[in-house]
Amino acid sequence: MENIISQFAIRGTVKEVKPLGEGLINDTYKVITAEQDAPDYVLQRVNNNVFPDVDMVMRNIAAVTTHIRKKLEANGESDIDRKVLTFMPLKSDASKYYTEIDGKFWRIMIFIPDAITKQAVNPESSRAAGKAFGNFQAMLADIPVELGETIKDFHNMEFRLQQLHEVIAKDPAGRVKEPEVQAMLKEIDARADEMCKAERMGREGTLPKRVCHCDTKVNNMMFDKQDNVLCVIDLDTVMPNFIFSDYGDFLRTGANKVAEDHPNMDEVEFDIDIFKAFTEGYLSSAKSFLLPVEIENLPYATALFPYMQCVRFLWDYLSGDKYWKVKYPNHNFVRANNQLHLLLSIEKNYPAMKEFIAEKL
Ligand code: GN1
Ligand code: MG
């Protein structure tokens with residue numbers, strides 16, 4: 001570890017390195033420095049199975065954090081090191097923010113003191129999250145560089161359906177004929193055309209891609225001890241996408257009354273109060289740059305992400321559980337079914353969602 005850390009231009013001397021957090025994708029450590037006036041750091045190993053192009057990931061992140069820092073400075077903000085992540089360059093190359101050692105990729109950022117993350121949402125934290133993610137997109141609206149797509153076609157609905165159809169044709173796990181699978185495929189097919197409309201609008205040139213976070217769960221946000229949002233973290237998936245990604249994926253996780261793998265489908269329900277609070281927060285910071293077509297389609301975005309996740313979980317179930325870890329044989333099917341039931345509950349709320357958005361404009 002000391003050898004890795006010594007390659008980066010950090011201040012202070014290392015006193016201790018210990019594991020940090022419970023992330024499933026990257027390995028994370030806290031680096032404590034000996035000196036009072038030197039910051040502590042976070043050392044992270046980037047998972048290059050999930051993110052094959054680490055160089056692209058780090059170029060994206062450097063562009064994004066540099067741009068946000070400039071905005072915060074221009075606004076005369078104080079305490080900027082707690083409001084945007086600061087990655088440390090290499091001693092040998094000030095433009096490079098990671099090092100590769102034996103096929104493993106490492107990076108270091110400043111540890112944000114006196115900050116916490118949250119796992120669950122209530123209307124208050126949803127409103128704050130909406131505002132912060134909207135603000136994040138707003139600050140990046142005029143970033144001068146084009147970002148790379150760190151996971152190709154990540155939220156492309158046409159691609160996700162194509163993946164599903166390919167696995168149905170091969171049926172490697174012999175699960176396609178199960179009656180529950182067949183019933184689910186009918187529900188998926190019935191909505192396929194409608195759910196691919198973002199891709200069509202993108203091709204027609206009526207829907208732009210903007211810099212999005214693409215993993216907008218509430219635990220990807222740091223709060224201070226007074227519950228103010230400090231900054232957005234976990235920037236590996238930052239890439240150009242339709243804004244529906246950030247809006248829809250937050251609600252998929254935050255506005256489901258139960259967890260995404262909860263097995264009792266009667267309890268899967270869309271929480272309209274979380275929807276309202278998040279939407280209010282989001283529109284307060286994003287309204288200024290959103291196009292009418294983006295605002296109009298926020299209810300569609302709310303439905304799109306449970307639908308997409310249903311397709312992705314079913315794809316993995318039919319593939320023989322290769323992507324997500326499973327705890328029991330039909331775990332991925334339960335997840336897919338949960339997302340389908342969330343979608344059904346969202347569909348019932350379309351009129352209420354539309355009405356609420358119209359009021360906020
Ligand atoms: C994965 O790794 P995690 O839990 O943040 C997935 C998301 C899914 C989510 C479903 C890179 O996210 O897209 O929505 O699982 N991330 C990747 O639980 O595939
Ligand atoms: Mg994540």
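Only a predicted model underlies this, so the values are computations on that prediction, with no experimental measurement involved. Numbering of ligands and ligand atoms starts at 1, following listing order. Side chains included, hydrogens not; waters and symmetry mates left out as well; all remaining heavy atoms used.
Only side-chain heavy atoms of Ile151 come within less than 4.0 Å of ligand 1; its backbone N, CA, C and O stay farther off.
Ring pair His155/Phe242: centre-to-centre distance not below 6.0 Å. Annotation: Phe87 is not in aromatic contact with Tyr97 [ring centroid separation under 6.0 Å not met].
For atom 19 (O) of ligand 1, the nearest non-hydrogen atom from the set Phe51, Tyr323, Trp324 comes from Tyr323. One option in Arg312, Lys217, His155, Glu260 has a heavy atom closer to atom 6 (C) of ligand 1 than any other, and that option is Arg312.
Residue contact annotation: Arg252 has a non-hydrogen atom under 4.0 Å from ligand 1.
Arg252 and Gln339 share a donor-acceptor pair across their side chains, judged by distance under 3.5 Å alone.
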Under 3.5 Å, which donor-acceptor pairs link side chains of residues 145-154 to any protein atom two or more places apart or in another chain?
residue	atom	partner	partner atom	Å
Glu149	OE2	Asp153	N	2.7
Thr150	OG1	Asp236	O	3.1
Asp153	OD1	Asn156	ND2	3.2

